[in-house]
J.: 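Following this message is one structure expressed as structure tokens.
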Amino acid sequence: MGFRYENNELYVENIKVEEIVNKEKTPLYIYSKSYFKKQFEKFDKAFSRKHCVSFAIKANSNLSVINTFAKLGSGADIVSKGELFRAIKAGVDTSKIVFSGVAKTKDEIEYALKNNIMMINVESMDELYSINEVAKNLGVKARISFRVNPNVDPKTHPYISTGLKKNKFGIPYDEAYDSYIKAKNLKNIDVYGVQFHIGSQLLDSKPIYDASVKIAELMKKLEEEGIEWRAVDVGGGLGIVYDNRKDTPPSVEIYAEQIEKAFEDFPDVLLVFEPGRFMVGNGGILVTEVVYHKTNSNKNFIIVDAGMNDLLRPSLYGAYHEIKPLKIEDKKKIVCDIVGPICETGDFLARDYEIENVENGGYLSVFSAGAYGFTMSSNYNSRVRPAEIMVDNDTYKVIREREELDNLIKGEKI
Ligand code: LLP
């Protein structure tokens with residue numbers, strides 16, 4: 001299930017995408033509920049031992065999306081008070097929530113402790129002392145894990161690499177042992193586990209295996225110091241196919257096998273996962289209307305109504321997203337830049353892209369837009385954010401209304 005062409009027209013599950021677009025207009029995010037469910041089940045079934053899948057809601061934090069996963073038993077990986085608020089509103093079991101992020105404030109820590117989440121993934125000693133203090137004031141013991149930076153190259157885009165020495169994330173591997181010993185001696189800290197996350201869009205399973213082995217070694221040493229591990233959180237990062245000519249991510253089964261192997265000496269420790277992109281990336285599209293065509297000194301432009309404010313990935317990372325017309329008519333192909341309405345040269349969805357020419361008023365689908373699409377959108381150039389639609393078989397729901405002009409000035413005063 002998900003997205004497919006039938007008689008040269010794009011369908012999402014059992015609805016023609018154009019039918020939705022005619023009613024709901026563009027730009028428009030459309031998600032496939034059955035795709036989301038299938039991905040969760042695939043991930044969940046790949047592991048043979050005790051585990052917890054905590055969907056990284058930064059990838060797609062619409063309440064209905066989070067709720068779809070929560071109903072299947074998913075927890076949530078959160079990185080802010082706002083994400084915890086969303087997870088709770090969406091019905092996530094708080095005992096399956098893990099909290100990462102380098103700058104958790106005391107207010108955020110308090111909110112997390114009051115909601116009794118599984119654990120806080122601590123990213124510095126300063127943060128650990130803050131957690132201890134907040135826990136003391138609340139009269140509780142805070143369950144924590146350190147986010148350990150294993151210094152392994154994930155071989156992905158530098159902006160989404162997180163597990164290298166030079167990155168701001170986690171505590172250095174070489175300091176982790178001492179940090180745990182210090183944490184163990186704090187009265188209001190319960191050392192619960194260890195976490196690592198080396199990067200996103202991983203297309204090779206070796207770095208994650210290498211990092212897992214390093215973490216397991218650290219766990220063994222600390223076990224000798226009396227630490228009783230209850231959870232090991234492997235983070236997220238499993239890559240997906242954006243470009244089917246190039247991207248070959250490991251299968252989730254291989255990913256699972258390698259991780260289980262690395263942690264085989266800890267069979268009773270709960271394995272926690274924080275997948276984001278894998279769950280939702282290929283379960284969403286962004287539909288945009290062709291507004292104009294133009295040619296400047298031999299370069300063709302297709303100008304569309306979705307821009308970097310709606311989908312930032314091409315501009316920020318030079319990311320590739322496949323783009324196709326909703327209706328394939330076997331017209332002549334052109335090579336062009338597909339650009340948005342934003343007043344920035346960096347506002348493009350694709351560059352030097354070969355595509356069947358679509359007339360003004362026609363529609364294009366930007367694929368693989370379910371992860372880090374809407375969540376990274378903004379109101380730049382005072383453009384309203386698009387609506388989000390969830391399709392379930394042959395029906396659909398607007399799960400977030402298109403913004404109106406009043407949304408743009410909410411809270412502002414003259
Ligand atoms: N856990 C932690 C601690 C993370 O920082 C992330 C992603 C995840 C889990 C989920 O990773 P995933 O399974 O989705 O790869 N905006 C970028 C991606 C940034 C990822 C940030 N952290 C993009 O559009 O590619």
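On a predicted model such as this, the values are computed, not experimentally measured, just so you know. Side chains are part of it too, since the values below use all heavy atoms of this structure and drop only hydrogens, waters and symmetry mates. In listed order, ligands and their atoms are each counted from 1.
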J.: Specify side chain, backbone, both or neither for Phe278, according to which of its non-hydrogen atoms lie closer than 4.0 Å to ligand 1.
T.: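 Neither part.
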J.: Check each atom of ligand 1 against the heavy atoms of Tyr317 and keep those under 4.0 Å away; list them by number with element.
T.: 16 (N), 17 (C), 23 (C), 24 (O), 25 (O)
J.: Of the side chain and backbone of Arg313, name the one, both, or neither that has a heavy atom under 4.0 Å from an atom of ligand 1.
T.: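 Looking at Arg313 and ligand 1, just side chain atoms fall under 4.0 Å.
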J.: Going through the checks in order, is the side-chain contact (heavy atoms from CB on, under 4.5 Å) test met by Ser74 and Leu72?
T.: CA-CA 6 Å; Ser74 179; Leu72 298 172; 5.7 Å; no
J.: Out of all atoms in ligand 1, which are within 4.0 Å of some heavy atom of Pro275? Include the element for each.
T.: 13 (O)
J.: Short list, please: which atoms of ligand 1 are under 4.0 Å from a heavy atom of Gly237?
T.: 11 (O), 12 (P), 13 (O), 15 (O)
J.: Give the ring-plane orientation class for Phe3 versus Phe367, where under 30° counts as parallel, over 60° as perpendicular and anything between as tilted.
T.: perpendicular
J.: Under a 4.0 Å heavy-atom limit, does His197 contact ligand 1 with its side chain, its backbone, both, or neither?
T.: side chain
J.: Tell me, with the steps shown, if Arg147 and Asp233 meet salt bridge (charged side-chain N to carboxylate O under 4.0 Å, His left out).
T.: CA-CA 9 Å; Arg147 175 169 179 175; Asp233 179 346; over 6 Å; no
J.: For ligand 1, is there an N or O atom under 3.5 Å from any N or O atom of Ser100?
T.: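 No, there is no polar N/O contact under 3.5 Å.
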J.: A side-chain contact here means heavy atoms from C-beta on lying under 4.5 Å apart; do His51 and Ile259 qualify?
T.: no
J.: Look at ligand 1 and say whether Ala371 reaches it with a heavy atom at a distance under 4.0 Å.
T.: no
J.: Within the 4.0 Å heavy-atom shell around Glu274, which atoms of ligand 1 are there?
T.: 1 (N), 2 (C), 3 (C), 8 (C), 9 (C), 10 (C), 13 (O)
J.: Indicate yes or no: does an N/O atom of Gly276 lie under 3.5 Å from an N/O atom of ligand 1?
T.: yes
J.: Can any side-chain N or O of Tyr180 pair as donor or acceptor with the backbone N or O of Phe146 at less than 3.5 Å?
T.: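 Yes, because the side chain of Tyr180 sits within donor-acceptor range (under 3.5 Å) of the backbone of Phe146.
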J.: Keeping Thr288 on the side-chain end and Val304 on the backbone end, is there a donor-acceptor pair under 3.5 Å?
T.: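 Not confirmed, Thr288 side chain does not pair with Val304 backbone.
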J.: If you define the side chain from C-beta out and look only at heavy atoms, does anything of Lys220 sit under 4.5 Å from Phe266?
T.: yes
J.: Give the atoms of ligand 1, by number and element, whose distance to some non-hydrogen atom of Arg277 is under 4.0 Å.
T.: 12 (P), 13 (O), 14 (O), 18 (C), 23 (C), 25 (O)
J.: Counting N and O atoms only, with roles assigned by atom type, does the side chain of Asp347 sit under 3.5 Å from a partner on the main chain of Met308, one being a donor and the other an acceptor?
T.: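 Such a contact is found between Asp347 side chain and Met308 backbone.
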J.: Hey, are Asp392 and Lys397 close enough for a salt bridge, meaning a charged N less than 4.0 Å from a carboxylate O?
T.: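 Salt bridge absent between Asp392 and Lys397.
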J.: For ligand 1, which atoms sit closer than 4.0 Å to a heavy atom of Arg147?
T.: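 Taking each heavy atom of Arg147 in turn, ligand 1 has 3 (C) under 4.0 Å.
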J.: Can an N or O of Gln195 be found at a distance shorter than 3.5 Å from an N or O of ligand 1?
T.: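 It does not: no N or O of Gln195 is found under 3.5 Å from an N or O of ligand 1.
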J.: Are any of the N or O atoms of Gly199 closer than 3.5 Å to those of ligand 1?
T.: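 Min N/O separation from ligand 1 is not below 3.5 Å for Gly199.
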